Enquirer: 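Mind having a look at this structure? Questions to follow.
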Protein chains: 2
Amino acid sequence: MTESGAIHARIRRDIEARIMSGEWAPGTRIPYEHQLMATYGCSRMTVNRALRMLMEAGLIESRRRAGTFVSHPRVQRAALEIPDIRDEVAGQGESYRLDLDRREIRAASEEDKRLLQIDGGSVLALECRHHAGGRAYALERRLINLAAVPEAAEVDFAIEPPGSWLLSHVPWTEAEHRITAFNAGGKELVALGISAGAACMALERWTWRGEERITYARQVYPGDRYALVARFRP
Amino acid sequence: MTESGAIHARIRRDIEARIMSGEWAPGTRIPYEHQLMATYGCSRMTVNRALRMLMEAGLIESRRRAGTFVSHPRVQRAALEIPDIRDEVAGQGESYRLDLDRREIRAASEEDKRLLQIDGGSVLALECRHHAGGRAYALERRLINLAAVPEAAEVDFAIEPPGSWLLSHVPWTEAEHRITAFNAGGKELVALGISAGAACMALERWTWRGEERITYARQVYPGDRYALVARFRP
DNA sequence: CTTCCATTAATGTATATACATAATTGAGTC
DNA sequence: GACTCAATTATGTATATACATTAATGGAAG
């Protein structure tokens with residue numbers, strides 16, 4: 001088939017093509033490694049490398065002694081980009097502006113403790129509005145666990161949006177998103193300039209580093225102006 | 001550090017931990033392969049395997065002759081899992097029921113052509129409701145490109161939900177999701193049993209195989225009963 | 001000082017080999 | 001037929017070695 005590049009890449013492409021075309025359906029046993037060695041005239045290590053990559057990609061699974069099989073596709077996985085709102089707005093060719101409405105360092109309240117899963121300590125609480133081309137784009141409420149990120153207390157978030165700063169300064173190991181739709185109430189009406197009851201999208205995010213929660217963010221977008229888009233490959 | 005498992009896994013974990021903790025900041029050159037060989041008392045192939053995996057994960061990059069470096073974090077991407085609705089309902093311990101309201105094979109309309117990016121041919125159009133524990137859970141409208149998946153014409157989608165069938169029978173190479181919030185109108189009121197203007201979440205999905213679009217789906221969830229949750233690691 | 005080029009040192013790929021591990025197979029036993 | 005257990009076999013990991021490829025380096029020539 002293809003002739004370009006390394007042998008392992010070629011083996012990988014060939015097998016992937018056979019699976020994608022449906023020629024090798026889910027559950028099918030693919031040839032044994034020693035058969036692929038013969039087919040491609042290469043060593044087992046090279047075959048194994050190609051198969052290992054396909055395994056990491058989730059296309060195949062193998063069982064010792066039994067062989068290697070085409071996976072039954074399961075959950076779909078989408079590459080959802082963690083939106084840096086400033087970049088997102090700039091990418092649409094609009095001018096970006098940030099209004100910081102509130103900045104407070106306080107001892108963790110009951111709600112803060114629940115959202116950040118901490119027993120005490122102090123948190124940095126922020127409320128801000130993101131504007132695109134002069135119009136309100138999103139409303140953001142954020143909590144930062146100062147025990148995990150003490151240096152955040154010194155940052156001027158009126159200049160750099162908290163999401164942008166955290167993304168580029170704090171490494172994280174795990175995160176969770178929760179996306180919901182709700183009818184706008186008192187708070188959002190003025191801040192986003194929308195009418196009562198208008199549908200809004202809320203994007204909540206919790207971010208961990210190891211066992212420790214770093215930050216909680218809740219971003220609210222007007223439903224008629226915003227769509228969350230994720231494009232991906234399996 | 002850790003002692004369990006294969007050597008390559010241990011090397012990988014150690015390096016990952018150093019990067020995550022910030023000890024090795026972006027741009028830092030990590031030790032040369034021959035230095036890691038000495039550190040771990042293993043062969044270069046084993047070190048190389050660990051590094052290759054970290055490269056695929058995007059944590060490091062390497063340049064011949066210069067060495068291997070910690071990557072500068074880029075766009076943060078997350079794996080958003082969007083499960084099969086039937087499995088999702090079952091996973092919550094609720095009973096699942098499917099109502100197929102409409103099933104039609106027709107020549108592609110203008111809208112069908114736009115959504116599936118086809119010039120003509122026939123499509124299978126479906127409308128159905130997913131129920132969880134007797135309550136409406138989601139409303140689904142789906143188009144299937146019969147030129148790409150002719151066997152779909154023979155399937156009884158009153159038994160198997162279209163999403164489940166497609167997931168397990170049709171391999172795909174690319175997909176796009178679009179998530180929006182909107183106020184419920186005429187169609188949704190009765191089907192979902194909600195009141196006028198209630199916020200709903202719409203999840204639209206286009207799926208490709210190579211250059212060809214396979215299917216388009218639009219799922220509508222009542223905003224007060226549904227949250228899309230995605231948990232992931234970088 | 002700048003340009004050119006050979007040297008050199010790092011990663012990239014591939015091989016042949018070895019032993020470990022797990023699970024199927026099949027023979028032997030009850 | 002049902003159970004036990006050893007032989008078999010495919011994958012999993014690791015090694016030592018070799019050569020290819022790329023680009024930083026440093027010295028020679030202008």
Side-chain angles (χ1 to χ4, degrees), chain A residues 1-19 23-74, chain B residues 1-19 24-72 74:
Chain A
M1 317 238 164
T2 14
E3 282 295 343
S4 78
I7 303 176
H8 66 81
R10 192 183 146 203
I11 300 176
R12 192 197 155 143
R13 273 196 307 272
D14 287 356
I15 295 176
E16 191 171 341
R18 281 201 163 88
I19 294 174
E23 184 183 340
W24 288 349
T28 307
R29 208 203 78 235
I30 73 171
Y32 295 126
E33 294 188 353
H34 71 262
Q35 294 175 318
L36 291 168
M37 281 172 67
T39 303
Y40 289 93
C42 67
S43 73
R44 209 189 118 214
M45 280 298 290
T46 305
V47 169
N48 186 263
R49 178 170 170 181
L51 296 185
R52 232 188 303 119
M53 287 192 291
L54 289 167
M55 264 178 258
E56 276 164 30
L59 262 85
I60 60 176
E61 291 165 17
S62 58
R63 297 203 313 277
R64 276 173 160 146
R65 166 78 214 233
T68 304
F69 302 82
V70 178
S71 296
H72 288 273
R74 292 178 187 255
Chain B
M1 320 250 163
T2 15
E3 282 296 344
S4 77
I7 304 176
H8 66 81
R10 191 183 148 201
I11 300 176
R12 192 196 155 143
R13 273 197 305 273
D14 287 357
I15 295 176
E16 192 172 341
R18 281 200 161 88
I19 294 173
W24 287 349
T28 308
R29 209 204 76 236
I30 73 171
Y32 295 126
E33 295 189 352
H34 70 262
Q35 295 176 317
L36 291 168
M37 281 172 67
T39 304
Y40 289 94
C42 67
S43 74
R44 210 190 118 213
M45 281 297 290
T46 304
V47 169
N48 186 262
R49 177 169 173 182
L51 296 185
R52 233 187 303 120
M53 288 192 290
L54 289 166
M55 263 177 260
E56 276 162 30
L59 263 85
I60 59 178
E61 290 165 19
S62 59
R63 296 203 315 277
R64 276 172 160 146
R65 167 76 215 232
T68 303
F69 302 82
V70 179
S71 296
H72 288 273
R74 309 200 177 158

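All values reported here derive from a predicted model rather than from experimental measurement. Below, read A as the first sequence line, B as the second, and so on, with proteins coming before strands; counting in each chain starts at 1.
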Enquirer: From CZ of B/R63 over to P of C/dG12, roughly how many Å is that when rounded to an integer?
Expert: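 Spelled out: CZ on B/R63 to P on C/dG12 is 12 Å.
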
Enquirer: Closest-nucleotide mapping onto DNA chain C: is A/C42 or A/A66 further toward the 5' terminus? I mean the 5' end.
Expert: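 Per heavy-atom nearest nucleotide, the more 5' residue is A/C42.
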
Enquirer: Counting only side-chain nitrogens and oxygens, does B/T46 get under 4.0 Å of the OP1 or OP2 atom of D/dT13?
Expert: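 For D/dT13, OP1/OP2 do not have a side-chain N/O of B/T46 under 4.0 Å.
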
Enquirer: If the test is salt bridge (Lys or Arg N to Asp or Glu O under 4.0 Å), which one of A/R52, A/R44, A/R64 qualifies with A/E33?
Expert: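 So, applying the salt bridge (Lys or Arg N to Asp or Glu O under 4.0 Å) to A/E33 and each of A/R52, A/R44, A/R64, only A/R44 qualifies.
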
Enquirer: Could you give the CD-to-P distance, from B/E56 to C/dG12, as a whole number of Å?
Expert: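 To the nearest whole Å, that distance equals 11 Å.
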
Enquirer: Measuring from the side chain of B/M45 (C-beta onward, heavy atoms only), which nucleotide among C/dT15, D/dT13, C/dA10 has the closest atom?
Expert: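 Comparing C/dT15, D/dT13, C/dA10 against the side chain of B/M45, the answer is C/dT15.
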
Enquirer: Could you tell me the separation between the NE2 atom of A/H8 and the P atom of C/dT15, rounded to a whole number of Å?
Expert: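 Taking atom P of C/dT15 as the reference, NE2 of A/H8 is at 11 Å.
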
Enquirer: Can you name the closest pair of heavy atoms from B/C42 and B/V47 and give their distance?
Expert: SG-CG2, 3.7 Å

Enquirer: In whole angstrom, give the distance that lies between atom CG of A/N48 and atom C1' of D/dT15.
Expert: 15 Å

Enquirer: For B/S71 and B/P26, work out which heavy atoms get closest and say how close.
Expert: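 Of all heavy-atom pairs spanning B/S71 and B/P26, the closest is O-CB, 3.5 Å.
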
Enquirer: From OH of A/Y32 over to C1' of D/dG12, roughly how many Å is that when rounded to an integer?
Expert: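 Between C1' of D/dG12 and OH of A/Y32: 17 Å.
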
Enquirer: Tell me: CE of B/M53 to P of C/dT11, nearest whole Å?
Expert: 17 Å

Enquirer: Does B/S62 place a side-chain N or O at less than 4.0 Å from the phosphate oxygens OP1/OP2 of C/dG12?
Expert: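 Result: yes.
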
Enquirer: Please work out if A/L51 contacts a base, only the sugar-phosphate, or nothing of the nucleic acid, heavy-atom cut-off 4.0 Å.
Expert: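 Touches nothing.
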
Enquirer: The side chain of A/R44 lies closest to which of these nucleotides: C/dA10, C/dT15, D/dG12?
Expert: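 For the A/R44 side chain, the nearest candidate turns out to be D/dG12.
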
Enquirer: Given C/dA16, D/dT13, D/dA10, identify the nucleotide with an atom nearest to the side chain of A/S43.
Expert: C/dA16

Enquirer: In whole Å, I'd like the distance from the CZ atom of A/R52 to the C1' atom of C/dA14.
Expert: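 To the nearest whole Å, that distance equals 13 Å.
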
Enquirer: Could you point out which residue of B/L59, B/L54, B/I19 forms a side chain to side chain contact (heavy atoms under 4.5 Å, CB included) with B/V70?
Expert: B/I19

Enquirer: Whole-Å distance between D/dT13 P and A/M55 CE?
Expert: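 After rounding, the reported distance stands at 9 Å.
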
Enquirer: Want to settle it: does B/R64 or A/P31 sit nearer the 5' end of DNA chain D, counting the closest nucleotide to each?
Expert: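 Whichever sits nearer the 5' end wins; that is A/P31.
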
Enquirer: May I ask you to evaluate whether A/R65 reaches the phosphate of C/dT25, defined as a side-chain N or O under 4.0 Å from OP1 or OP2?
Expert: no

Enquirer: Which heavy atom in B/A50 sits nearest to a heavy atom in B/R12, and how many Å separate them?
Expert: CB-N, 4.0 Å

Enquirer: Of the options D/dA16, C/dG12, C/dA16, whose atoms approach the side-chain atoms of B/E33 most closely?
Expert: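 Output: C/dG12.
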
Enquirer: Is the phosphate of C/dT11 approached by B/T68 (side-chain N or O, under 4.0 Å from OP1 or OP2)?
Expert: yes

